[in-house]
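Notes to accompany the following structure.
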Amino acid sequence: MAKTSAPHTLVIVESPAKARTIEKYLGKGYTVESSIGHIRDLPKSAADIPEKYKGKAWARLGLDIENDFQPLYVVAPEKRAHVAKLRKMASEADEIILATDDDREGESIAWHLFQELRPKVPVKRMVFHEITKEAIQAAIAAPRQIDSNLVEAQETRRALDRLYGYEVSPVLWKKVAPKLSAGRVQSVATRMLVERERERMRFVSATWWDLLVTGKTAEGATFPARLTDVAGQKLALGRDFDPLTGRLKDGVVARLLGEAEARALAEGLSGQPLTVTSAEEKPFTQRPYPPFITSTLQQEGSRKLGFAATRTMRAAQRLYEQGYITYMRTDSTNLSSEAVSAARTQVAQMYGPSYLSPQPRVYAKKSKNAQEAHEAIRPAGSSFRTPDSLRGELSGDEWRLYDLIWKRTVACQMADARGRSLRVRLGGKAKTGEDVQLSASGRTIDFPGFLRAYVEGSDDPSAALEDRETPLPPLREGERVLADSVKPEGHETQPPARYTEASLVQSLEGAGIGRPSTYASILGTIQDRGYATKKGQALVPSWTAFATSALLEHHFSSLVDYDFTAKMEEDLDDIAGGRAQRVPYLRRFYLGDHGEGMALRPLIDSKMGEIDARGIATIVVPKLEGSGIEVRVGRYGPYMERSGEKANLPEDLAPDELTAEKAEEIMSRPTGDRVIGTDEATGHPVVARAGRYGPYVTLGAENPPIRSASLFPTDDLGTLTLGRALKLLSLPRLVGTSEGEEVWAQNGKYGPYLKRGSDSRSLTSHEELFNVGIQEAEALFLQPRYGKGRAAAAPPLRSFEYPGRANIILKSGRFGPYLTDGEKNATLRKGEDEGTLTAERALEILEERGKEPQKKPGKSGARTGAARTGAAKKSGARTPARKGAASTSAASAAPAKKAPAKKAPAKKAPAKAAAKAKAPAKATFTWADLRPHLGVLSDPERRLVTATREQGRKVEDIAPELGLEVAKAKGMALQASKKLNQAARGG
DNA sequence: CAGTGAGCGAGCTTCCGCTTGACTT
């Protein structure tokens, strides 16, 4: 620690760009470094959990529930190098100042830094809200200590989010679909989208008509006016209709104009004189909008520039890093005095002193739960660069965003806009005799004030239209004008608009949900999880979002309350203020306390059994009520079902577009099936179809078909002939009988194979299904099961050699590439590329997380992989010998085979072990074993089986006796055989 | 969700909030 140089102080802030700026202000004796956000967090997944805690039940959560929810903090691997650097810098400093943001998260970062760096020199905490020389020097002069209550509040927030997310998500995996997620923020955001879509789905539109009249004064000036009353009755407008019925709302007394009436009235009013019955002029003023915060920047970026939230933030980040704007993740509309004076100077220069607001404007806190650690988003510095002066310096997106920020900032110190609004009523009489009233309104801007610099964009075009200046000619009461032209106009009521990125962020912010740093990523999360897709600007919730939201609303309603976060924030404020404690709060939330609190864990435990997955997957669509059609989310996406008939829902069909007619159309849509002919023997159609498992043909057009068969790889769905289809449908084929068992040739999901009892052998080609004879089949059954096939199928991808150590080889498995040295195996993870893997890295991976393969039940003791491999080979080699011996003597074959098979499960006395023990369960049973289980079969099944097994008859011969088609009887025989084997296995 | 037999190394998915590069294509 002994240093020859002058004493110096290490200041740590959160952002590198901020560090650079501050260093300039602090000068000699100070080094400023950044933490780059949080440096530690709860472990994200198993890979982050230290070995020491791996076995703990609570490690997955990172919170030791039984020990006061003690958090387990880890430095993420990608942060380790940086933390090491900070630690080194800390050891070389004489003093450390933790200058992270002045909010809950910032306080926590300071505390984590303190914990992780373990400094041996004095440590101070300082805060500032604007990056100006004065503010920073003032902050340096007034240091404080870390506020442990505030840190506790952050830890509570963190723990609650973890418990919510990591406990509720698995409920969704089980009840809806894997990889889904739930969370305090995203689940409410999703719910908002779903509820809006539900309104749209229930919406019934209505049509109404009115008249647009062009009035003409004596001087020849024209102006637009709209019909408001007919024969003393108010005209019905869009807002008078009930969105659920499309009819006028209860209690509304209004005249509803139909098209014919509107046209007749237009005709009758055309050219008629009108009298101004009233003309009212009112002055108005409009104040400028507050300067940008993250949410409003994203909203205006979207409305005015058409940027998605991420695009706005990317451009803002670059502007910030290059020193053009202040920090872009903020919830404060506050401007430093430096900024206010810079803006005012610029207004005076560019627009003249009359455009300046008389007093500097101060904007109040805008949103719920704002933490106000930073300034508003504004051009940086004590004199703003004008957008024009930066044209050559900034890229397109950056310049346009800077321009927007500059205008908004400057505008906020400008004078109010002033103007007059004029509202005129007119009366008249149609030629047909009805009295009518009309109204016209106008808006005149007398002094634009801030509007010279900035007009806020709008999500609603009709509102924007209203905002536009619409001057009216000066009209006085009693004045006569002419209905110069009269145009009937039809209108349709519109369902509530879908959320856009911007409006969703606005709503979330309004409810105090989410933070400036997360708005953009929330949008990403709900899209990544498949809860929403973008259709133009609109966010359209998916059917999965409906299912997820329904589950949460019905079973965890308080978790998706719009007020949940607001309530949490109140509680966190209490903790930050020392009025409440973290542990009791978390206990109530997670475990419950004598019937009080959320009690999440017990709730989940009781709900797991209660929640009906099928019910949750069935989505209520009001417009399909009574149609018998149900919408359901299945493993392969959303589909409709009506009495067994199914149809996929097209991917691009938004939920609100699914009307009864549309549903019927999709249900009756040809599924791409092609009828290729009729089976003469049965009279049923033969249909070629494309299925989930690939192309196949069916006998019968209905669902499910009578029979079906996959096409061979050499077949083509488009050119398949009837003869070929029927040939495929003739499978499975009975090859003959061997060892008292039928041998069937069958096409399965692993390809063509032969089956004898519960034994099977793969065939090398599909055509063999039709050709293979009983001798060849028997020869195949003499071969070991997978002997040559497997040895050839698994060549190592790569091999790494090490002196004094077994080789490690890279193999391809069904879970992807993995490493093995015969002892341990380790699957490659994301980012570990099989091509670029080095020998060192391979060794590292295997030693770090290699696992011994799980012991198979029924195998004794812990054997090494190498030993087991050897044993397997040996037993593989032995099998044909044994079978060969058996085949020479049919009588002795059965017991020889049966003995090991039956003994194994018998040894495993506990029911659990037996149920898990797959290997012995696959044993071959003799007819004597199976016979006692005939009771599990239906009558025809039993007759089929006994006739084939005991009388050696063929299925083809028995089928007519049972009144069955041969193919169906074959299927039934197979099915029966399966049932019997299962019964014998299960005991 | 629609027909289907076996055997091979399991292990992970997920939250919210702070913050940037380091990667590859």
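Every chain is numbered from 1, with letters handed out A, B, ... down the list of sequences. Bear in mind that the values here come from a model prediction, so they are computed numbers and not experimental data.
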So does A:Arg632 pair up with A:Glu641, basic N to acidic O under 4.0 Å? yes
Without decimals, in angstroms, what is the distance between A:Glu321 CD and B:dT19 P? 12 Å
Assign A:Thr820 to base, sugar-phosphate, or nothing according to its heavy-atom contacts below 4.0 angstrom with the strands shown. nothing
Length of the line joining A:Gln317:CD and B:dT19:C1', which is rounded to integer Å: 8 Å
Do the side chains of A:Lys85 and A:Glu33 get close enough for a salt bridge, i.e. N-O under 4.0 angstrom? yes
Does a side-chain N or O from A:Ser35 land closer than 4.0 Å to OP1 or OP2 of B:dT19, or not? no
Pick base, sugar-phosphate or nothing for A:Tyr519, based on heavy-atom distances below 4.0 Å to the nucleic acid. nothing
Using whole Å, what does the distance between atom P of nucleotide B:dT4 and atom OH of A:Tyr753 come to? 9 Å
Determine whether the side chains of A:Tyr164 and A:Arg162 contain a donor N or O and an acceptor N or O closer than 3.5 Å. no
Over how many whole Å does the gap from A:Glu645 atom CD to B:dC1 atom C1' extend? 13 Å
NZ or CZ of A:Arg529 within 45° of A:Tyr531 ring axis and under 6.0 Å: no
Contacts of A:Trp543 that satisfy ring-ring contact (aromatic ring centres under 6.0 Å, His included) - sequence neighbours left out: A:Phe546
Between A:Glu107 and A:Gln154, do the side chains contain an N or O donor and an N or O acceptor separated by less than 3.5 Å? no
Ion pair present between A:Lys18 and A:Glu321, side-chain N to carboxylate O less than 4.0 angstrom? no
Any Lys/Arg nitrogen of A:Glu116 or A:Lys79 sitting under 4.0 Å from an Asp/Glu carboxylate oxygen of the other? no
In whole Å, I'd like the distance from the CG atom of A:Leu711 to the P atom of B:dA2. 20 Å
DNA chain B: stems of at least 3 consecutive Watson-Crick or G-U pairs, cut-off 3.5 Å? none
Restricting both atoms to N or O, compile the protein contacts to nucleotides 14-18 of chain B shorter than 3.5 Å, with distance only.
residue: B:dC15; atom: OP1; partner: A:Ser181; partner atom: OG; Å: 3.2
residue: B:dC15; atom: OP1; partner: A:Gln186; partner atom: NE2; Å: 2.8
residue: B:dC15; atom: OP1; partner: A:Arg529; partner atom: NE; Å: 3.4
residue: B:dC15; atom: OP1; partner: A:Arg529; partner atom: NH2; Å: 3.3
residue: B:dC15; atom: OP2; partner: A:Arg529; partner atom: NH2; Å: 3.4
residue: B:dC15; atom: O2; partner: A:Arg158; partner atom: NH1; Å: 3.1
residue: B:dC15; atom: O2; partner: A:Arg162; partner atom: NE; Å: 3.3
residue: B:dC15; atom: N3; partner: A:Arg158; partner atom: NH2; Å: 3.0
residue: B:dC15; atom: N3; partner: A:Arg162; partner atom: NE; Å: 3.3
residue: B:dC15; atom: N3; partner: A:Arg162; partner atom: NH2; Å: 3.2
residue: B:dC15; atom: N4; partner: A:Arg162; partner atom: NH2; Å: 3.3
residue: B:dC15; atom: N4; partner: A:Tyr166; partner atom: OH; Å: 3.4
residue: B:dC16; atom: OP1; partner: A:Val185; partner atom: N; Å: 3.0
residue: B:dC16; atom: OP1; partner: A:Gln186; partner atom: N; Å: 2.9
residue: B:dC16; atom: OP2; partner: A:Gln186; partner atom: NE2; Å: 3.2
residue: B:dC16; atom: O4'; partner: A:Asp161; partner atom: OD2; Å: 3.2
residue: B:dC16; atom: O3'; partner: A:Arg184; partner atom: NH2; Å: 2.9
residue: B:dC16; atom: O2; partner: A:Arg157; partner atom: NH1; Å: 2.7
residue: B:dC16; atom: O2; partner: A:Arg157; partner atom: NH2; Å: 3.4
residue: B:dG17; atom: OP1; partner: A:Arg184; partner atom: NH2; Å: 2.9
residue: B:dG17; atom: OP2; partner: A:Thr518; partner atom: OG1; Å: 3.1
residue: B:dG17; atom: O4'; partner: A:Arg157; partner atom: NH2; Å: 3.3
residue: B:dC18; atom: OP1; partner: A:Arg515; partner atom: NE; Å: 3.2
residue: B:dC18; atom: OP2; partner: A:Ser517; partner atom: OG; Å: 2.6
residue: B:dC18; atom: O3'; partner: A:Glu14; partner atom: OE1; Å: 3.1
residue: B:dC18; atom: O2; partner: A:His38; partner atom: N; Å: 2.5

Please report the distance, rounded to the nearest Å, between CG in A:Asp528 and P in B:dT13. 15 Å
To the nearest Å, give me how far apart CZ (A:Arg20) and C1' (B:dT19) are. 13 Å
Side chains of A:Thr565 and A:Arg184, donor plus acceptor under 3.5 Å: yes
Here the distance between atom P of B:dT19 and atom CD1 of A:Ile12, to the nearest Å, is 16 Å
